[in-house]
Amino acid sequence: MNRLVYADHSATTAVRPEVLEAMLPFLKEQYGNPSSLYQIAQESKIALEKARAQLARAIGAKEREIFFTGSGTEADNWAIKGVAEAMRHRGRHIITSSVEHHAVLHTCEYLEKHGFSVTYLPVDAEGTVSPKDLEAAIRPDTILVSVMMANNEIGTINPVQELGTVCRRHQVLFHVDAVQALGTLPIDVEAQQIDLLSVSAHKLYGPKGVGALYVRKGVKLPPFIHGGAQESGRRAGTENVAGIVGFGRAVELAVAEMDERNAQLRAMRDRLIDTILEKVPFSRLNGARYNRLPGHASFSFSFIEGESMLLLLDMKGVCASSGSACTSGSLDPSHVLLAIGLPHETAHGSLRLTLGRENTMEDVEYIAQVLPPIVQKLREMSPLYEDYMKQQQ
Amino acid sequence: MYSEKVMDHFMNPRNMGEIENADGVGTVGNAKCGDIMRIFLKVEDGVIQDVKFKTFGCGAAVATSSMATELVLGKTIQEALQVTNQAVMEALDGLPPVKVHCSLLAEQAIHAALWDYAQKHGIEIEGREPPVDDIEELEELAEV
């Protein structure tokens, strides 16, 4: 069985050939430092600004509002800690949601240790943040709201525009982690009333090690990395030119192909969800049925544990992920699955399959063929399943 | 991440299943933490004649259960009590640090089944204390 099915696109993606091609000159002959004066360095500078324009266009921003970073996580850290620092004289309250990525949650927890208070908004059973809950949580001392556009674990899409309207009405800055959304969901920082937006290249067939933060003109945000004058003096350090060039090309391609790609992904996702739910008893879909990322499926299978499933899937060449404790590095399963109300044991049995551009319907059929026997094998080993079946008799 | 032996015992678990009318059954762990192990024993003349397990848990949980059953099969009760989590880990060529608790759970599952056997048959096992079935408690014990 040599088939390899990569179904973990929410974790990372392969750099696509066009992106690699755009990057290579900047790893070879065009290696100049964009801050230098001579010709090859100026070519680097031009390439950097082209990438900035490509990203700005993709999200409806202006070039000077885009700042490249080393990752989406850095962008989240910068946005949240930066606003906290710049606005602490005005207030020390931050609102986020209980299903954010750790890059946001752990940053908020850090600020709690430094004199800030944080409200973690609950979500509904599908994982959606409610604009009404947000409005009710805003206080006179609220300085920032940070809510993700789409959830990495369960794929649910938040009503960002409505949340943005609430923030604007109360004159509170609105940060959006759009790492899972860029290139997949339409983003317009104007229409969606977003003040700060974090993105990353490697989720959309770009390279790892490059992210960016959109900062609306007029938003006060102190530098996070101090040093040279790169990125208008707001993010020091010699730019990852090849990475940034790759990011620009990747986002340009993703946006151009978005509608066509999403239609294909949705068809595969829906087939996967329908087949698995039908074939595997005691299974459930986590997150919304349709209001979810186009290639994203998250299941929970009762009586079994996620890591075992991943190991057996890996033996069949299927790359997937889980929110079980054993994959989170602690005794608790994913905070997202607990926040949508799953009991611990159900959250331990979660499986995330995220499809991307190189997947085909044959891959989906293959997963649907190999997964049910794996679940069955593990259930036959499970004392929980044994107890349940005996109770039923 | 896992040694070849761990993967072998995970992919081809030894002694997986149940024993009907077992002489001793022990279940440890909890679903909240994501690991439950159940051991079934058949004991004759103070010797473990048969042993089976069922496990809800990660690859290491399955592998340590499987290895623990191999290590106690054919042993006397006293010998089985000497099988430590360390012995289980060594027999598996080691475990990643975050998975050490699985081996503790396997050790405790064997103890719990032996305890159950002793209770049911009115046997005093020298130096035996009631088994610990909570992983966090186990990990605290392991740190001491």
Side-chain angles (χ1 to χ4, degrees), chain A residues 1 282 300-317 319-335 337-338 342-351 370 373-391 393, chain B residues 1-2 6-20 22 25-40 52-66 69 95-102 105 109 112-113 133-140:
Chain A
M1 201 70 74
F282 312 111
S300 276
F301 303 107
S302 301
F303 318 118
I304 63 172
E305 193 276 337
E307 191 211 81
S308 307
M309 236 184 313
L310 299 187
L311 292 170
L312 293 175
L313 279 169
D314 186 34
M315 293 288 156
K316 296 284 182 190
C319 309
S321 71
S322 167
S324 80
C326 281
T327 53
S328 72
S330 73
L331 287 180
D332 279 324
S334 139
H335 64 282
L337 298 174
L338 296 180
L342 293 198
H344 275 70
E345 51 267 46
T346 314
H348 284 301
S350 72
L351 178 72
V370 300
I374 287 174
V375 173
Q376 190 51 35
K377 176 182 171 155
L378 291 171
R379 281 181 178 161
E380 278 161 18
M381 267 194 232
S382 166
L384 292 175
Y385 187 60
E386 176 194 319
D387 291 348
Y388 178 81
M389 295 311 275
K390 279 182 182 159
Q391 272 169 28
Q393 281 166 11
Chain B
M1 172 178 165
Y2 288 133
V6 172
M7 282 312 289
D8 178 38
H9 276 261
F10 169 66
M11 297 298 293
N12 312 293
R14 328 292 202 260
N15 307 311
M16 199 281 289
E18 313 169 36
I19 297 175
E20 293 223 356
V25 181
T27 304
V28 295
N30 62 60
K32 193 166 179 271
C33 297
D35 295 286
I36 298 178
M37 292 184 192
R38 180 172 294 163
I39 298 277
F40 303 85
K52 295 267 192 250
F53 82 89
K54 281 211 169 175
T55 290
F56 160 81
C58 61
V62 173
T64 53
S65 314
S66 167
T69 61
L95 285 175
V98 294
K99 303 292 187 179
V100 172
H101 75 268
C102 293
L105 210 54
D133 72 347
D134 184 276
I135 304 178
E136 283 174 55
E137 210 176 308
L138 273 176
E139 289 196 322
E140 281 165 25

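Residue Phe303(A) touches chain B through its backbone alone, counting heavy-atom pairs closer than 4.5 Å. Looking at Met11(B), the atoms closer than 4.5 Å to chain A (heavy atoms on both sides) sit in the backbone and in the side chain alike. Heavy atoms of Ala60(B) lying under 4.5 Å from chain A belong exclusively to its backbone.
The two atoms that bring Phe56(B) and His348(A) nearest to each other are CZ-CB, 4.2 Å, heavy atoms only. Contact record, Glu307(A) with Gly59(B): OE1-N, 2.8 Å, taken as the closest heavy-atom pair. Of all the heavy atoms in Ala31(B) and Glu345(A), the pair that sits closest is CB-CB, 3.6 Å.
For the atom pair Glu18(B) CD and Glu380(A) CD, the distance stands at 11.0 Å (nearest 0.5 Å). In this structure, CD1 in Ile304(A) is found 14.0 Å from OG1 in Thr55(B), a value given to the nearest 0.5 Å.
Judged purely by atom type and a 3.5 angstrom limit, Ser308(A) uses its side chain to pair as donor or acceptor with the backbone of Gly57(B).
Contact count against chain A (heavy-atom pairs under 4.5 Å) is highest for Lys54(B) among Met37(B), Met7(B), Lys54(B).
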